[in-house]
Every structure is written in structure tokens, then in C-alpha cells.
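What follows is a short report on a single structure.
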Amino acid sequence: MKSSKILAVLSLMIVTASTVNAQTTRNEHHRIRQGVRSGELTRHETKTLARQQRDIHQDRKEAKADGIVTPAEKKEIKQDQRQASRSIYRKKHNKRDRN
């Protein structure tokens with residue numbers, strides 16, 4: 001009985017964390033697309049940002065591979081997402097554009 005409750009709580013935590021991370025990823029992809037459409041991002045900047053997003057996605061897949069995302073793995077992924085978000089902002093506001 002106790003183990004099934006613990007398992008249910010852990011499953012809910014993993015699903016909730018995945019949903020939050022997925023929403024963050026969608027937001028970042030949207031920001032990158034918007035930067036490309038407006039011309040704020042150059043081709044090289046876009047490639048760099050896309051590579052960062054792929055790396056975060058790969059880290060997330062590797063963390064989930066064993067079925068348990070440890071707090072250290074979560075922390076690393078969160079830190080990578082924050083860094084990617086800062087990179088998007090900096091690249092969109094660095095006075096370089098496609099025009």
C-alpha cells in the first residue's frame with residue numbers, strides 16, 4: 001500500500017516536471033522562431049541556439065532513460081535551460097540582424 005502511494009507521487013512529480021520543462025522548451029522555440037521572422041537573429045546565431053536546444057533535449061532524454069530523474073539531473077537541465085534563455089535574449093538584442 002505504502003509503496004504504491006510513493007510510486008504514484010513519484011510518477012506525478014515526473015509528469016509535472018516534464019510538463020513544465022516541455023512548456024519552457026516550447027516557449028524558447030517560439031522565441032527563436034520569432035527572432036528569425038523579425039530578422040533579429042542571424043543564421044549563425046540561429047544555428048547556435050538550435051544546437052543548445054538539441055543538447056537540452058538530449059540531456060532530458062538521457063536523464064529519463066533509467067526511469068528516474070535525480071535532483072542533480074533536474075538541476076543541471078534547469079541550469080542549461082536558464083543559460084539557453086539568456087543566450088536567446090542576448091542574441092536577439094545584440095544589434096546584429098539579417099537585414
Side-chain angles (χ1 to χ4, degrees):
M1 182 70 178
K2 241 183 185 182
S3 62
S4 63
K5 285 183 181 179
I6 292 172
L7 184 61
V9 170
L10 287 175
S11 300
L12 181 62
M13 288 173 50
I14 290 172
V15 168
T16 304
S18 298
T19 305
V20 171
N21 290 337
Q23 183 62 44
T24 302
T25 301
R26 281 192 295 272
N27 289 344
E28 289 176 352
H29 283 293
H30 177 73
R31 290 171 59 203
I32 293 169
R33 278 196 311 267
Q34 186 277 330
V36 170
R37 281 194 307 263
S38 69
E40 294 174 316
L41 293 172
T42 65
R43 290 181 197 278
H44 180 70
E45 290 170 339
T46 304
K47 287 170 80 172
T48 302
L49 294 173
R51 188 177 319 112
Q52 276 183 330
Q53 293 302 310
R54 279 193 308 273
D55 291 346
I56 291 170
H57 180 72
Q58 184 63 32
D59 289 346
R60 191 176 298 124
K61 276 178 57 176
E62 290 172 4
K64 290 180 183 179
D66 62 356
I68 298 174
V69 180
T70 65
E73 290 170 332
K74 260 194 220 179
K75 183 178 179 180
E76 182 182 344
I77 291 169
K78 191 83 157 164
Q79 183 178 0
D80 291 344
Q81 285 179 323
R82 278 192 231 110
Q83 179 62 42
S85 182
R86 283 192 299 267
S87 293
I88 293 169
Y89 179 85
R90 288 180 181 145
K91 289 185 186 308
K92 284 178 72 174
H93 294 88
N94 65 1
K95 306 291 186 211
R96 295 183 191 135
D97 60 6
R98 287 189 185 199
N99 303 327

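Along the sequence shown, residues are numbered consecutively beginning with 1. Being a predicted model, the structure only gives us computed values, none of them experimental.
Crowding of His29 atom NE2: a count of heavy atoms from other residues, nucleotides or ligands under 6.0 Å exceeding 12. Atom CZ of Arg43 sits in a sparse spot, with 12 or fewer heavy atoms from other residues, nucleotides or ligands closer than 6.0 Å.
Checking side-chain atoms of Ser85 against main-chain N and O of Gln81 turns up no donor-acceptor pair under 3.5 Å.
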Take Ile32 and Gln52, measure what side-chain contact (heavy atoms from CB on, under 4.5 Å) needs, and give me the verdict at the end. CA-CA 11 Å; Ile32 293 169; Gln52 276 183 330; over 6 Å; no
Please determine whether side-chain contact (heavy atoms from CB on, under 4.5 Å) holds for the pair Arg96 and Lys91, giving the CA-CA distance in whole Å, both sets of side-chain angles, and the decisive distance to 0.1 Å. CA-CA 8 Å; Arg96 295 183 191 135; Lys91 289 185 186 308; over 6 Å; no
Please test Gln83 against Gln79 for side chain to side chain donor-acceptor pair (under 3.5 Å), starting from the C-alpha separation and ending with a verdict. CA-CA 6 Å; Gln83 179 62 42; Gln79 183 178 0; over 6 Å; no
Could you walk me through whether Asp59 and Glu73 pass side-chain contact (heavy atoms from CB on, under 4.5 Å), step by step? CA-CA 8 Å; Asp59 289 346; Glu73 290 170 332; over 6 Å; no
Could you walk me through whether Lys64 and Val69 pass side-chain contact (heavy atoms from CB on, under 4.5 Å), step by step? CA-CA 6 Å; Lys64 290 180 183 179; Val69 180; 3.9 Å; yes
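Side chains of Gln23 and Arg26: a donor-acceptor N/O pair is present below 3.5 angstrom, by distance only.
In this structure, OG1 in Thr70 is found 9.0 Å from CD in Glu76, a value given to the nearest 0.5 Å. Rounded to the nearest 0.5 Å, atoms OG (Ser87) and CZ (Arg51) are 11.5 Å apart. Atom CD1 of Ile77 is separated from atom OG1 of Thr24 by 11.5 Å, given to the nearest 0.5 angstrom. Note that CG of Leu41 and OG1 of Thr46 are 4.5 Å apart. Values are rounded to the nearest 0.5 Å. The CG atom of Asn94 lies 4.5 Å from the CD atom of Glu45; values are rounded to the nearest 0.5 Å.
Partner Thr25 forms a side-chain contact (heavy atoms from CB on, under 4.5 Å) with one of His57, His30, Gln53 and no other, that one being Gln53. Partner Gln58 forms a side chain to side chain donor-acceptor pair (under 3.5 Å) with one of Glu62, Arg60, Arg54 and no other, that one being Glu62.
Taking both residues in full, the closest heavy atoms of Lys92 and Gly35 are given as CE-CA, 4.1 Å, listed atom of the first, atom of the second, then distance.
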